[in-house]
Engineer: 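After the structure tokens below, expect a handful of questions from me.
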Amino acid sequence: MALDNRRLAELAGHDAFLQRHNGPDADDVVQMLKMLHIDSISTLIEKTVPADIRLGRELNLDAPRAEAEALDYLKRLARQNKVFKTYIGQGYYNTHLPAVIQRNVLENPGWYTAYTPYQPEIAQGRLEGLLNFQQMVMDLTGMELANASLLDEATAAAEAMALCKRANKKSKSQAFFVADDVLPQTLDVIRTRAYYFGFELIVAPAGEIAAHDVFGALLQYPSQSGEIRDLAPLLKAAAERGVMTCVAADIMSLVLLKEPGSLGADIVIGNSQRFGVPMGFGGPHAAFFATTDKLKRSIPGRIIGVSKDNRGNQALRMAMQTREQHIRREKATSNICTAQALLANIAGFYAVYHGASGLRTIASRIHRLTTILAEGLKRKGVQLVHDSWFDTLRLTNVDAGKIHGRAMTHEINLRYFDNGDIGVSLDETTTTADLGVLFDVLLGEEHELSAAALDEEVVAKRLSGIPAACQRKSDFLTHPTFQRYHSETEMLRYLKRLENKDLSLTHAMIPLGSCTMKLNATSEMIPITWPEFAHIHPFAPKDQIVGYKQMIDELAAFLVEITGYEHISMQPNSGAQGEYAGLVAIRRYQVAQGQGHRDICLIPSSAHGTNPASAAMAHMKVVVVECDKDGNIDLNDLRDKAGQHRDNLSAIMLTYPSTHGVFEESIREACKIVHDHGGQVYIDGANMNAQVGLARPGDFGGDVSHLNLHKTFCIPHGGGGPGMGPIGVKAHLAPYVSNHVVTPITGVNPDCGAVSAAAFGSASILPISWAYIKMMGTRGLREATELAILNANYIAKRLDGHYPVLYKGANGTVAHECIIDIRPLKATSGITEEDIAKRLMDYGFHAPTMSFPVPGTLMVEPTESESLYEIDRFCDAMIAIREEIARVEKGEWPVDDNPLANAPHTMADLMDSHWERPYSRELGAFPSEAVKAAKYWPAVNRVDNVFGDRQLICSCPSIDEYRD
Ligand SMILES: *Cc1c(COP(=O)(O)O)cnc(C)c1O
């Protein structure tokens, strides 16, 4: 049967995509196997993947579809979605993504294929974009500090709650106050988090903020039904009682409203979606998180800071990386890893393009149209619940049934409250013509109102829904960056200039171990900006999202077959969120079994830092299991610790193949030990790229896994997000995955709170993974895995003898990545893994993962998408670098003055008239033939980490500050 499919596929030319996705062709494979002295791919796989976990059959998926065919099919699905004009609001709004940003950022692989800017010298473009985002957030919120994005508004609110608890040392309370008019999805996520933190929630009218003994409080500004309240007295009263305050603010309203920072808020969070990012049925978009300066050391997420390079020039970098989970592990401030960098960049560029005056025009127009709507409705006797508004009106005592009928006829979505009230939220895309239709829908057609006539009155009488006390007086976006790029020509060049500073997959392989930087195919990316996927509100009625539903169901079915689990929850919007969701499902299940006391989570010492951080957030106690000298989990230690904690063992978190890059032979045994002691098995699926089509975690002992769709399943990394981290679960856990209060999910226990703001997380990027699986088919997916393993083994072999490969499996092979040990070299030469990472930039490469999971090492993951040509180019560079190190070892070059210690080399170095280094300029900047043919220039010299953390500056620097 499989063969028939294959023949048919070949006849139709359907194998074309897998040949595009995979780097090595048939001849390359022969050559690589020969070098490895292995006769065939199947022998390599037999040596590498333990026999007792191998699938032993082909996955039961479709034959591959050609790119055009897959897109046709997806287009048909997309057309089953109905793009109604949406006035639902509730945290999501229509927006105009400026075309210059859509084409040059969102649809541009130079931006979307980059990785998190861990290597700042080759990431100055997106670092500047993110710094703009931070500056924009600080200006609009009136806060002193902002991070470079979180996953969504609801999780940002939950992070704010956790930060209040950490920072409010004076309060002994375990309770958190939430105003009863915050967005319902935000409350849902906060409830989930609060429960596992052991916090009590007090949900009450905002006016009661200072009436309870709580450590922190959250208000919504404007409220979820549109009311604008003067926050000043509330925040002041709370502060006087020792309560830390968080404000969830609508970013567009802040253009006209008094900034919460000036009113005394400690933390301001929100969603930047309506700054140019399509709603996408829930995401991805960038949440923002801003604080006072006092909280800077405990703010969650990544922060971009200003530092200098070793020439003293200004250079940007990610600040305070030592706070991150990979260092602090279970004591980390949060488990956030992948965030929403690409979307933060887009929102920041939206602000750059419009500037303060453009934003004022947009926000004022939204408000003026809302005021016209309010005046018209009042004139016709419609009762509004609030007498203040920015863009949202709540109508009461109306005939919701009739209005709903008319709205459907006009293809309009409104918000329908449970009590029969109706909500209308306007946005940047609303026009006066739309107002006419809205009057028809809300009042019936005989209203005889004219939006134009009402407008004259609104203008003449200076009518406004914003109370005088709440009107913004202060300036914002005064930095030159927000004033310079308002013409499309200037903007285009600015975007290009930044893009050119960054190294992405458009330049070279990015061999970051554990990150799986594979091809993000153009065909896979095309659908995400189709209106039928991009312009759908996450709370749109079910009959408008039929296409989405089917695409998601199909993708879930693919993932069920690929993982061996029984159910997929699509809600978590990053790998770390998946970990949290999976652990919470385990805990809920155990409670239902009368085993709620189980709270020990075993985690091997090699685990990714998000694992212990997520376990801590799920209120589990982390017990570390040691690894043996070969990098495998120490089964004796595991047995001891499982035995020791048998009464309270909740789970183990295992990564497979391990982060040491090997398929442990004993994985089944490890799972069994935990099950025998009453625990559940969480398998971190970040390394699924080594397993697809060969082995399934659900078969060898996993109860739950997350999948990083932004690693294995081709969603691009976007320079640090977006991502998707759906979890696969066995049937017994399926009722305990996250539900959603606004859009309940069938089959899931209604008591199970949400982990993300939207029911299907960042739904609009799911077509990428869908298309990948559809176009690869059964055989393509298996071959991709095999080639990922072949490529890694080829690299391990080529580098062997030059650098020691740290861990290998039972038969001397590695999985899909390998760790090379730099520590011995450091001892003999003084050269560090960081020097090698920076020197690789001179050769045109991004460094492998540095010092994870083992300090002093580099972890190389080529993926299947890299060709033999590129892999050889990388190995040649590594070997040439080893020869350079040998010259340092021999004393030919001083330890502190050689091409490695001085790397990366910039144009400034070459132009320096005092070149007194013991090697030539050419060797510095053009060390290989490949580089001579096409040179990528790092924008700055090596960035000073310590300086940047000592003097933390997270806003756009003024040009003058850096003059001297
Ligand atoms: C990437 C990764 C994670 C975290 O995933 P995010 O999507 O960044 O949150 C967890 N575990 C491992 C092993 C990883 O490589």
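As the structure lists them, so they are numbered: ligands from 1, and atoms in each ligand from 1.
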Engineer: Could you tell me which atoms of ligand 1, counted from 1 in the order shown, lie closer than 4.0 angstrom to a heavy atom of Thr610?
Structural biologist: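 Numbered from 1, ligand 1 contributes 3 (C), 4 (C), 10 (C), 11 (N).
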Engineer: Using a 4.0 Å cut-off to any heavy atom of Ala576, which atoms of ligand 1 qualify?
Structural biologist: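 In order of number, 5 (O), 6 (P), 9 (O).
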Engineer: For atom 11 (N) of ligand 1, what is the nearest protein heavy atom, given as residue, atom name and distance?
Structural biologist: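 It is Asp684 OD2, 2.6 Å.
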Engineer: Would you say Thr655 and ligand 1 have an N/O pair spaced under 3.5 Å apart?
Structural biologist: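 No: no nitrogen or oxygen of Thr655 is under 3.5 Å from one in ligand 1.
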Engineer: One residue to check: Ala686. Relative to ligand 1, which of side chain, backbone, both or neither has a non-hydrogen atom less than 4.0 Å away?
Structural biologist: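 It is the side chain that gets close, since no backbone atom is under 4.0 Å.
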Engineer: Arg696 pairs by side-chain contact (heavy atoms from CB on, under 4.5 Å) with which of Leu55, Ile53, Thr563?
Structural biologist: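 Only one option passes, and that is Leu55.
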Engineer: To the nearest 0.5 Å, tell me how far Phe663 CZ sits from Asn687 CG.
Structural biologist: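 Here the interatomic distance stands at 8.5 Å.
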Engineer: Could you tell me whether Glu579 approaches ligand 1 through its side chain, its backbone, both or neither, with non-hydrogen atoms closer than 4.0 Å?
Structural biologist: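 Answer for Glu579: side chain.
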Engineer: Considering only heavy atoms of Cys337, which atoms of ligand 1 have at least one such atom less than 4.0 Å away?
Structural biologist: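 Per the distance check, 8 (O), 9 (O).
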Engineer: Please determine whether a side-chain nitrogen of the Lys or Arg among Lys621 and Asp599 lies less than 4.0 Å from a carboxylate oxygen of the Asp or Glu.
Structural biologist: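 A salt bridge is present here (some side-chain N lies under 4.0 Å from a carboxylate O).
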Engineer: Can you tell me how far apart CD1 (Ile336) and OG1 (Thr155) are? Round to the nearest 0.5 Å.
Structural biologist: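 Between Ile336 CD1 and Thr155 OG1, I get 6.0 Å after rounding to 0.5 Å.
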Engineer: Hydrogens and angles aside, do Glu864 and His21 bring a side-chain donor and acceptor to less than 3.5 Å of each other?
Structural biologist: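 Yes, side-chain donor-acceptor contact under 3.5 Å.
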Engineer: Can an N or O of Asn708 be found at a distance shorter than 3.5 Å from an N or O of ligand 1?
Structural biologist: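 It does: an N or O of Asn708 is found under 3.5 Å from an N or O of ligand 1.
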Engineer: Report the member of His608, Glu817, Lys711 with the shortest heavy-atom distance to atom 1 (C) of ligand 1.
Structural biologist: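 Of the listed residues, Lys711 has the closest heavy atom.
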Engineer: Tell me, please, whether Tyr195 has Arg588 positioned over its six-membered ring: NZ or CZ under 6.0 Å from the ring centre and within 45 degrees of its axis?
Structural biologist: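 Pair Arg588/Tyr195 does not count as cation-pi.
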Engineer: What verdict does the side chain to side chain contact (heavy atoms under 4.5 Å, CB included) test give for Lys711 and His717, after you've listed the backbone C-alpha separation in whole Å, the side-chain angles of each residue and the deciding distance to 0.1 Å?
Structural biologist: CA-CA 8 Å; Lys711 294 178 179 171; His717 284 73; 3.9 Å; yes
Engineer: Is the number of heavy atoms from other residues, nucleotides or ligands under 6.0 Å of His675 NE2 greater than 12?
Structural biologist: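 Atom NE2 in His675 is crowded, with more than 12 foreign heavy atoms closer than 6.0 Å.
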Engineer: Using heavy atoms and a 4.0 Å limit, tell me yes or no: is His710 in contact with ligand 1?
Structural biologist: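 For ligand 1, residue contact (heavy atoms, under 4.0 Å) with His710 is present.
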Engineer: Can you list the ligand 1 atoms lying under 4.0 Å from a non-hydrogen atom of Thr338?
Structural biologist: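 Heavy-atom distances to Thr338 below 4.0 Å select 6 (P), 7 (O), 8 (O), 9 (O).
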